[in-house]
Asks: 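Quick one: the structure is below, and I'll ask about it shortly.
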4 protein chains.
Amino acid sequence: MSPRTPEQFEEIREAKRALILDTALELFANEGFFKTSISDITKKAGISKGLIYNYFESKEALIRTIAFNGIDNLLKNFDPNSDSILTKEELQYFIEQNFVILQKNVYFWKLYFGIIVQPQVLTLVEKELMRLFIPLYKMLENYFKSQGKKNPAAEARFFGAMIEGVYMNYVMDPKYFPIEDIKQKIIDLYIK
Amino acid sequence: MSPRTPEQFEEIREAKRALILDTALELFANEGFFKTSISDITKKAGISKGLIYNYFESKEALIRTIAFNGIDNLLKNFDPNSDSILTKEELQYFIEQNFVILQKNVYFWKLYFGIIVQPQVLTLVEKELMRLFIPLYKMLENYFKSQGKKNPAAEARFFGAMIEGVYMNYVMDPKYFPIEDIKQKIIDLYIK
Amino acid sequence: MSPRTPEQFEEIREAKRALILDTALELFANEGFFKTSISDITKKAGISKGLIYNYFESKEALIRTIAFNGIDNLLKNFDPNSDSILTKEELQYFIEQNFVILQKNVYFWKLYFGIIVQPQVLTLVEKELMRLFIPLYKMLENYFKSQGKKNPAAEARFFGAMIEGVYMNYVMDPKYFPIEDIKQKIIDLYIK
Amino acid sequence: MSPRTPEQFEEIREAKRALILDTALELFANEGFFKTSISDITKKAGISKGLIYNYFESKEALIRTIAFNGIDNLLKNFDPNSDSILTKEELQYFIEQNFVILQKNVYFWKLYFGIIVQPQVLTLVEKELMRLFIPLYKMLENYFKSQGKKNPAAEARFFGAMIEGVYMNYVMDPKYFPIEDIKQKIIDLYIK
DNA sequence: AATGAATGAGAGTTCATTCAT
DNA sequence: AATGAATGAACTCTCATTCAT
C-alpha cells in the first residue's frame with residue numbers, strides 16, 4: 001500500500017528507458033528514422049504511445065540519445081591517445097578492434113549510415129558524430145607521418161573511407177559479406 | 001498560334017519530365033527523400049502539384065525512375081564486358097573512369113547512399129540497384145582471378161567497398177576530401 | 001513516532017487541500033485554466049500527480065471548488081440583507097468594501113473573468129456564479145427604487161457592469177490602473 | 001477541361017477563407033479558443049481537416065487574423081482623430097456609435113473578452129489589441145481635459161472600464177441586458 | 001497539358017486520469 | 001496518505017494524392 005521507494009522507481013525507469021532505446025535503435029536501423037513512427041516503436045515495445053514521452057522529449061531527442069550512446073560506447077573501446085604515436089602492432093590491434101566493434105554493433109552502424117547520408121535531416125547529431133571521429137583521424141595521421149608517408153592526411157582519410165566502405169557493406173549484408181577475408185586483407189595491406 | 005505537331009508535344013513532355021526529374025534529384029539528394037515533399041519539388045520546378053502526377057504515378061515511382069536513370073547513365077560509361085578479362089591498363093582506365101563519373105554525378109551518389117542505407121524503405125529500388133552492380137563485381141572477380149589472387153570474390157568485394165567508402169566520403173564533403181591523392185593511392189595500390 | 005490522532009490527520013488533509021487550492025488558483029488565474037495542466041499544479045505544489053485526485057475528483061471539480069470558495073469568501077464580506085433598504089452611507093460603505101475585496105482577491109477575480117467570458121466551458125460554475133450575485137443585484141435595485149429612480153433594475157445592472165469593468169481593468173493592469181481615483185469618482189457619482 | 005482562371009481561384013479562395021473565419025469566430029466566441037478544436041471548425045464549416053491549413057498557418061494564426069480583422073473593422077467606424085478635441089455633440093455620437101458597433105459585432109466582443117482575460121495565452125494578439133485602443137483613450141483624455149476635469153487620464157480609464165463592463169454584460173446576456181436604458185444612462189451622465 | 005483546391009489518413013505530441021504499490 | 005509510471009483519447013498539423021475545371 002505504501003508507494004514504491006525511489007530506488008524501485010529508478011529501476012523501473014532504467015529498464016523501461018533501455019527497452020525504448022533498444023527497440024527504437026532496431027527499428028531506426030532497419031526501417032530508417034522517418035519510416036519508423038512513434039507508434040511502431042511503442043507497439044513493438046509493448047507500451048502505450050504516451051509513455052515514450054515520459055522518457056524522451058521528442059522523436060529527435062530519442063535518436064540523438066541513441067546516437068550519442070552508441071558513440072560513447074564505441075569510443076570506450078578505442079580510447080585513442082592522439083598524442084602518442086602508434087606502433088605497427090598497435091595499428092594491427094586497432095584494426096582488429098574495429099572489426100570486433102563492427103560486428104558487435106551492427107544496428108548502431110546501420111543507424112550511423114542512415115544519419116550521415118542525410119545531413120540536413122539531423123544536423124546536430126551529424127555534427128556531433130563527425131566531431132567524435134576527429135581524434136581517430138588525428139591518430140591515423142600521426143601514424144602515417146611516422147611511417148614516412150608523403151601525405152599522411154590523405155592517407156588517413158583514405159584509410160577511414162575504406163573502413164567506412166567495408167562497414168557499410170557489412171551491415172547491409174552481414175551474412176554474405178566476407179568480413180574475415182577482408183579484415184585479413186586490410187591487415188596485410190597495412191601491417192605487411 | 002498554329003497547333004503544335006505531335007513531335008512538338010513530345011518535346012514539351014520530355015522537357016517537363018526532365019525538369020521534374022532534375023529538380024527531384026537535387027532535392028532528394030540534398031534534403032533527403034522523406035524531407036522533400038511533392039510541394040517542394042513543384043515549387044522549385046515552377047509547376048503545379050497536379051502536373052507531377054501527370055508524369056509520375058507516385059513519389060516512389062519518381063525516385064525509382066531517378067535511380068534507374070542514374071544507373072543507366074552510369075553503366076553507359078562503363079559497359080563492362082564481364083566475359084573478357086581486363087588487362088592492368090584497362091583496370092586503371094576503369095578506376096579513373098570511376099572518379100570521373102563520381103565527380104560528374106554527385107547528386108546521384110548522394111541519393112544512392114540515401115537509398116541503400118535504408119533497405120526496407122525502397123526495397124524495389126534497392127534490389128534493382130544491387131543487381132546492376134553484379135556485372136561490375138563479376139568483371140572485378142575475373143580480373144583478380146587472372147592475377148592469381150587466392151580469393152578473387154573477396155578481393156572484388158573489398159575493392160567495391162573501398163570505392164564505395166571513398167565515394168561516400170567525397171559526396172559528403174567534396175570540398176575538402178583529397179580526391180586526387182586518393183585516386184592516385186588506389187591506382188598505386190592496384191596497378192603497382 | 002506515535003500514531004497521529006484523527007484530528008492531526010484532519011489537519012494534514014486540510015492543509016494539503018488548501019495548498020492545492022491556492023496553487024491551482026494562482027496558476028488558473030495567471031496562466032488560464034486550459035494552459036494550466038495538472039502536472040503544473042502538482043509540480044508547483046511539490047506533490048505527486050496522484051495525490052491531487054485524492055482530494056478532487058477532476059480538474060473541473062477543482063476549479064469549481066475554487067470558484068465557490070471564492071464566492072463564499074466574498075459574500076462573507078458583504079452579507080447583503082436584500083430586504084432592508086440601504087441608506088446612502090451604507091451604499092458608500094458597500095462601494096468601499098468592493099474595492100477592498102477587489103484588491104485583496106486579485107487572483108480570484110482574474111479567474112472569475114476567465115470563467116464567465118466562456119460560458120459554455122464551465123456551465124455549472126458559471127450558473128452558480130451568476131446565482132450568487134442575485135442578492136447583490138436585488139439589494140442595489142431596492143436601493144435605486146428607494147432613491148426614486150425610474151428604472152431601478154437597469155440602474156442596478158449598469159452599476160454592476162460598471163463595477164465589473166473597473167474590476168476587469170484593475171486585475172489586468174493593477175500597477176497602472178488609477179484605482180483610487182476611480183473609487184472616488186464612483187463615490188462622487190452615487191453618493192453626491 | 002482547361003484549368004480555372006486565376007480569378008476563379010481567387011474567388012474560391014476568398015469565399016472559403018471567409019467561411020473559415022466566420023465559422024471559427026462563432027466557435028471561438030461561444031465555446032472559447034481552447035475548447036474549440038480545428039476539427040470542430042472544419043466539421044461546422046463542412047470542409048476537411050487539412051483544408052484549414054491551406055488557408056491559415058496554424059490555429060493561432062487563425063485567431064490572430066480574426067482578432068485583427070475585427071479590430072480593423074471596428075476602427076473603420078471610429079476613425080478617432082486624437083489631435084482634434086471632441087465637442088459634446090461628437091462625444092454623444094461616439095457613445096452612440098459604440099453601442100451600434102457593440103450590437104453589430106457580438107461574436108467579436110465575446111472573442112475579445114476571451115482573449116484579454118487570458119493574457120499569457122495569446123500575448124501577441126493581446127498586445128496588439130491593447131495598442132489599438134490607445135488613440136481612443138488619448139481622444140477621451142483630451143476631451144476630459146477640455147472639460148476642465150482635474151484628472152483626465154483617470155476619467156478616460158474610468159469611461160473605458162465602464163464601457164467595457166457594459167459590453168461584457170451585454171455579450172454575455174444580450175437578450176435580457178437593458179442595453180437601451182443603459183445607453184441613455186451613459187449619455188445623460190456625460191452629455192448632461 | 002495544366003491548375004491548385006480539396007481530401008483524409010496518419011504523423012508527433014499532450015494530458016487528464018488510473019492504478020499498483 | 002502518497003507516489004509516479006502508465007494509459008489512451010484527442011489534439012494540432014502534414015502531405016501524398018485526387019479531381020473538377
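Just so we're on the same page: letters track the sequence lines, and every chain starts at 1. These numbers come from a predicted model, not from an experiment.
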Asks: Can you tell me the distance, in whole Å, between the CD1 atom of B/Ile41 and the P atom of F/dC15?
Replies: 12 Å

Asks: Does OP1 or OP2 of E/dA5 have a side-chain N or O of D/Arg13 closer than 4.0 Å?
Replies: yes

Asks: Rounding to an integer number of Å, can you tell me how far B/Phe34 CZ sits from E/dG10 P?
Replies: 16 Å

Asks: Any donor-acceptor pair, under 3.5 Å, between the side chain of C/Lys49 and the base of F/dT3, if you only look at N and O atoms?
Replies: no

Asks: State which of F/dC13, F/dT17, E/dA16 makes the closest approach to the side chain of C/Ile38.
Replies: E/dA16

Asks: Could you say whether D/Ser37 or A/Leu51 is positioned toward the 5' end of DNA chain F, judged by the nucleotide with the nearest heavy atom to each?
Replies: A/Leu51

Asks: Counting any heavy atom closer than 4.0 Å, what does D/Phe56 reach on the DNA or RNA strands: base, sugar-phosphate only, or nothing?
Replies: nothing

Asks: Do A/Tyr107 and A/Asp22 pass the side-chain contact (heavy atoms from CB on, under 4.5 Å) test, and can you show the C-alpha distance, the side-chain angles, and the key distance before you say yes or no?
Replies: CA-CA 10 Å; A/Tyr107 284 153; A/Asp22 289 352; over 6 Å; no

Asks: Please work out the stems of DNA chain E from pairs that are Watson-Crick or G-U wobble with both distances under 3.5 Å, keeping only runs of three or more consecutive pairs.
Replies: E:2-21 with F:2-21

Asks: Mapping C/Glu57 and A/Gly50 to their closest nucleotides on DNA chain E, which lands nearer the 5' end?
Replies: A/Gly50

Asks: If I take atom CD in residue B/Glu31 and atom P in nucleotide F/dC15, what distance separates them, rounded to the nearest angstrom?
Replies: 13 Å

Asks: Please report the distance, rounded to the nearest Å, between CD in B/Glu11 and P in E/dA1.
Replies: 15 Å

Asks: Could you give the CD-to-P distance, from D/Glu10 to F/dT21, as a whole number of Å?
Replies: 19 Å

Asks: Should the pair B/Trp109 and B/Phe113 be assigned to parallel (<30°), tilted (30 to 60°) or perpendicular (>60°) ring geometry?
Replies: tilted

Asks: Where the side chain of D/Asn73 meets the backbone of D/Gly70, is there a donor-acceptor pair that is under 3.5 Å apart?
Replies: no

Asks: From the list E/dA2, F/dT12, E/dA6, which nucleotide is the closest neighbour of the side chain of B/Ile12?
Replies: E/dA2

Asks: Side chain of B/Phe9, heavy atoms from C-beta onward: which of E/dA1, E/dA2, F/dT17 has the nearest atom to it?
Replies: E/dA1

Asks: Donor-acceptor pair, distance only, cut-off 3.5 Å: does the side chain of D/Asp40 make one with the backbone of D/Ser37?
Replies: yes

Asks: Please give, in whole Å, the distance from E/dT14 P to A/Tyr55 OH?
Replies: 17 Å

Asks: Distance check needed: E/dA2 P versus B/Leu19 CG, whole Å only.
Replies: 11 Å

Asks: Within the structure, does a side-chain N or O atom of D/Lys16 lie under 4.0 Å from either OP1 or OP2 of E/dA5?
Replies: no

Asks: Nearest of F/dA20, E/dT17, E/dG8 to any side-chain atom of C/Ser58?
Replies: E/dT17

Asks: Please classify the nucleic acid contact of D/Thr5 as base, sugar-phosphate, or nothing, using heavy-atom distances under 4.0 Å.
Replies: nothing

Asks: Checking the side chain of A/Thr36 only, and the main-chain atoms of A/Leu27 only, is there a donor and an acceptor separated by less than 3.5 Å?
Replies: yes

Asks: Would you kindly compare A/Lys59 and D/Ile52 by the position of their nearest DNA chain E nucleotide and give the one closer to the 5′ end?
Replies: D/Ile52

Asks: Describe the nucleic acid contact of D/Thr42 in one word from base, sugar-phosphate, nothing, applying a heavy-atom distance below 4.0 Å.
Replies: nothing

Asks: Tell me whether the side-chain N/O atoms of A/Tyr53 come closer than 4.0 Å to OP1 or OP2 in E/dT13.
Replies: yes

Asks: Whether the side chain of A/Gln8 engages the backbone of A/Thr5 through a donor-acceptor N/O pair (distance < 3.5 Å, no angle test) should be reported.
Replies: yes

Asks: Please report the distance, rounded to the nearest Å, between CG in B/Asn54 and C1' in F/dA16.
Replies: 16 Å

Asks: Tell me which of B/Thr36 and A/Gly46 sits closer to the 5' end of DNA chain F, going by the nucleotide each one is nearest to.
Replies: A/Gly46

Asks: Going by ring pair (Phe, Tyr, Trp, His ring centres under 6.0 Å), name the pairs with one or both residues in residues 9-29 of chain D, residues two or more places apart or in two chains.
Replies: D/Phe28-D/Phe33

Asks: State, to 0.1 Å, how close A/Lys44 and A/Thr23 come at their nearest heavy-atom pair, and which atoms those are.
Replies: CB-CG2, 3.7 Å

